[in-house]
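Reading through the structure tokens given below for one structure.
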Amino acid sequence: MAIGEAIAEGGRDFIRDIVQADLDAKRHSTVVTRFPPEPNGYLHIGHAKSICLNFGIAAEFGGRCHLRFDDTNPAREEQEYIDAIERDVRWLGFDWGPHLHHASDYFDRLYEWAEVLVKAGKAYVDDQTPGQMRVNRGTLTEPGKNSPFRDRTVEENLDLLRRMKAGEFPNGARVLRAKIDMASGNINLRDPVLYRILHASHPRTGTAWSIYPSYDFAHGQSDAIEGITHSICTLEFEDHRPLYDWFLDNLPVPAHPRQYEFARLNLTYMVLSKRVLTTLVRDGHVNGWDDPRMPTLAGLRRRGVPPEAIRDFIKRIGVAKANSVVDAAMLDFSIREALNKTALRRMAVLRPLKVVIENYPEGPGEELEAVNHPDNPDAGSRKIRFGRELYIERDDFMENPPKKFFRLSPGTEVRLRYAFFITCREVVKDDKGEVIELRCTYDPATRGGNAPDGRKVKATIHWVSAVDSKPAEVRLYNPLFSKPDPTGGEGFTADLNPQSLEVLSGARVEPALAVGSNAADPVQFERQGYFVRDLDSTADRLVFNRTVGLRDTFAKEVGGKS
RNA sequence: UGGGGAAUAGUUCAAUGGUAGAACAGCGGACUCUGACUCCGUUAAUCUAGGUUCGAAUCCUAGUUCCCCAGCCA
């Protein structure tokens, strides 16, 4: 891809400016980035920002991007997450080629470097308990105190480190720490932990190790080993940068990558915290990581969101260093924009109301032509069956309509899309006064949807035939959280939206939705929204997820409707 | 009271000493066999106070507000 067009693709931001400047100054011949997830949860839309940034920059500037698992803590990492992450990054549209790496690939080298630091008198084994370490670390405003073990000899440190590695000590007995400055204003520099004892089986290295490197000790060196030029991470690592640089300055690394930080993504009505998402899954507040209400890539995918919509959204929100909360309406916009172009149009009645056309003959009815996409003739058309008995949307009828209501009501005429004009003649109710059926008449001259006499109707409504429409379950999703700024803290369940899932079990859909090799493709249910078949569907039970509703200015005006 | 960051329309992002602009959201209208799409119009911002300068969102000084850091998590 040519650099010029690629830049248009990704937009401009301060990180791309830095990369461009580095390339211009010939500090690097090739840009190399990396996306470094820890496999302890599923990827969410916040990660998508980082993925698009890292892979996007690599593509735009003709470099490469590595997928590197930051698997330094076997106590919380699992193979399921590793597989899910690879699947999701690919689905989003990115390819790491041969560059699938793991921090664990470097465990040997990292360990050698730990010995290098020990031999240089820049690291020591500390026997303090976690509690003692915490106390001696000081506070935000008071300096820490040196550990009583800080001045052990190189020989003793080396011996202890090797025995830690050999598994001689129990979990937590000792740690290896860098000897930097216990009085630093930056707490990351108060003798950070390099290695901790962890007798745990690692998904890749099994039980080969009894000690595992910390994030700080592993990350920058992994970047250096892989020849990463720009190590892009989120804001909370900003004050780790001096430490990142300290390791690279004090170790015989092959390169010195530079770390840059950007603000992570936040969205209204969502919580993007691994802790909260994990709890949601674990405690059954949602039905798994791919629940369509989840902000995970797996959840968005199942809900029917196309990857290009996510990429477009990420491009629109930009990259900066100021904390921000993006309006979820922006995501919806990108989803609608992507789907509007491609989704075939279909008719489905979510909450059916029976209509009998009194002057239409009994019998098999007739076939009418409906286009599949109004803006794309190549999408072709299909036949839909019209008959004496139909279903329309309950919302499309009101017995006592307000004056801005254009749809069906007693005595009014509307168009049935691609079919005929009908007029409501009679309302049938049950003993409770509930409307259960409409008796209407149709105008045979309006076949196809136009009146020869040129008369107009104020509304066109969708419908399905009572005889050949298929029953379906439709799942409507609303925000998982009821507040625009859910806490995400301890009592986050209090902010959960009890209406986040609405199941409509009595929907009727046109037959075209039940067949076809492309049954998994997103569709637009006309006048309602974009939907996709859920994987819970079976041969005799269709299930659809609402990806996103159509913009609905009428609902906004009257202030109702789900 | 330590260290590190950030403040521009309602929201997100531009403007890199020279006309404060875009997208989303909102509002109004046109079009329409989807109250969709599309199109047109429109409301709306430089955290505060000083200073430098012909000219400041941008540079300087002082302040204000918000975010992050005291895991053997990442």
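Naming convention: chains lettered A, B, ... in sequence-line order (proteins, then strands); numbering from 1 in each chain.
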Would you jot down, in residue-number order, the residues of residues 265-272 of chain A having a non-hydrogen atom under 4.0 Å from RNA chain B?
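When residues 265-272 of chain A is checked for heavy atoms under 4.0 Å from RNA chain B, there are no hits whatsoever.
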
Residues from residues 130-145 of chain A sitting under 4.0 Å of RNA chain B, heavy atoms only?
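Within residues 130-145 of chain A, the residues near RNA chain B are Pro130(A), Met133(A), Arg134(A), Arg137(A), Gly138(A), Thr139(A), Leu140(A), Thr141(A).
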
Checking side-chain contact (heavy atoms from CB on, under 4.5 Å) between His102(A) and each of Asp70(A), Asp71(A), Thr205(A), Thr72(A), which is the one that passes?
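When Asp70(A), Asp71(A), Thr205(A), Thr72(A) are each tested with His102(A), the side-chain contact (heavy atoms from CB on, under 4.5 Å) holds only for Asp71(A).
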
Have a look at Leu43(A) and tell me which of Trp289(A), Tyr81(A), Phe35(A) forms a side-chain contact (heavy atoms from CB on, under 4.5 Å) with it.
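So the option named by the test is Phe35(A).
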
Salt-bridge contact Arg455(A)-Glu413(A) (side-chain N to carboxylate O under 4.0 Å)
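Answer for the salt bridge query: yes.
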
Salt bridge flag under 4.0 Å for residues Glu261(A) and Arg241(A)
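Salt bridge: yes.
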
Is it true that Phe420(A) and Phe386(A) have ring centroids separated by less than 6.0 Å?
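They qualify: ring centres under 6.0 Å apart.
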
Any side-chain donor paired with an acceptor under 3.5 Å for [X] and [Y]?
X: His66(A); Y: Glu226(A); result: yes
X: Glu38(A); Y: Asn73(A); result: no
X: Arg345(A); Y: Asn372(A); result: no

Which of the following nucleotides, rA70(B), rG35(B), rU34(B), is nearest to the side chain of Ile187(A)?
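Among the listed nucleotides, the one closest to the side chain of Ile187(A) is rA70(B).
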
From rC68(B), rC72(B), rG5(B), nucleotide with atom closest to Glu236(A) side chain
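So the side chain of Glu236(A) is nearest to rC68(B).
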
Distance to the ring centre below 6.0 angstrom and angle to the axis at most 45 degrees; does that hold for Lys165(A) and Tyr111(A)?
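Judged by the rule, Lys165(A) and Tyr111(A) form a cation-pi pair.
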
Given that both pair distances must be under 3.5 Å and the pair must be Watson-Crick or G-U, what runs of three or more consecutive pairs involve RNA chain B?
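Looking at RNA chain B, the stems formed by three or more consecutive pairs are B:2-7 with B:64-69, B:10-13 with B:21-24, B:26-30 with B:38-42, B:47-51 with B:59-63.
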
Please report the distance, rounded to the nearest Å, between CZ in Arg551(A) and P in rU34(B).
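Atom-to-atom, Arg551(A) to rU34(B), this comes out as 16 Å.
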
What is the distance, rounded to the nearest whole Å, between atom CG of Asn186(A) and atom P of rC69(B)?
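Atom CG in Asn186(A) sits about 13 Å away from atom P in rC69(B).
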
Base of rA74(B) paired with side chain of His240(A) (donor-acceptor, under 3.5 Å)
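It does, because a donor-acceptor pair links the side chain of His240(A) to the base of rA74(B) below 3.5 Å.
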
Donor-acceptor pair under 3.5 Å: do we get one between Arg407(A)'s side chain and the base of rG35(B)?
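Counting by modelled atom types and ignoring angles, a donor-acceptor contact under 3.5 Å is found here.
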
5' to 3', nucleotides 12-23 of chain B under a 4.0 Å protein heavy-atom cut-off (B base, S sugar-phosphate only, - none) gives SSS-B------B

By the salt bridge (charged side-chain N to carboxylate O under 4.0 Å, His left out) test, which pairs, at least two apart or in different chains, include something from residues 181-197 of chain A?
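Listed once each, the pairs are Arg150(A)-Asp191(A).
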
Pairs touching residues 324-336 of chain A that satisfy salt bridge (charged side-chain N to carboxylate O under 4.0 Å, His left out), sequence neighbours left out:
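Not a single pair qualifies under salt bridge (charged side-chain N to carboxylate O under 4.0 Å, His left out).
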
Please walk me through it: do Thr446(A) and Asn450(A) pass side chain to side chain donor-acceptor pair (under 3.5 Å)?
CA-CA 5 Å; Thr446(A) 57; Asn450(A) 288 300; over 6 Å; no

Classify the nucleic acid contact of [X] as base, sugar-phosphate or nothing, counting any heavy atom under 4.0 Å across all strands shown.
X: Glu337(A); value: nothing
X: Tyr212(A); value: nothing
X: Asn450(A); value: base
X: Arg417(A); value: base

Could you pick out which residue, Ser184(A) or Thr446(A), lies toward the 5' side of RNA chain B when each is mapped onto its nearest nucleotide?
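The 5'-side residue here is Ser184(A).
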
Can a donor-acceptor pair be found, under 3.5 Å and without considering hydrogens, that links the side chain of Lys315(A) to the backbone of Cys52(A)?
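A pair under 3.5 Å: no.
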
Donor-acceptor pair, Thr268(A) side chain versus Ala328(A) backbone, under 3.5 Å?
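Judged by distance alone, yes, a pair lies under 3.5 Å.
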
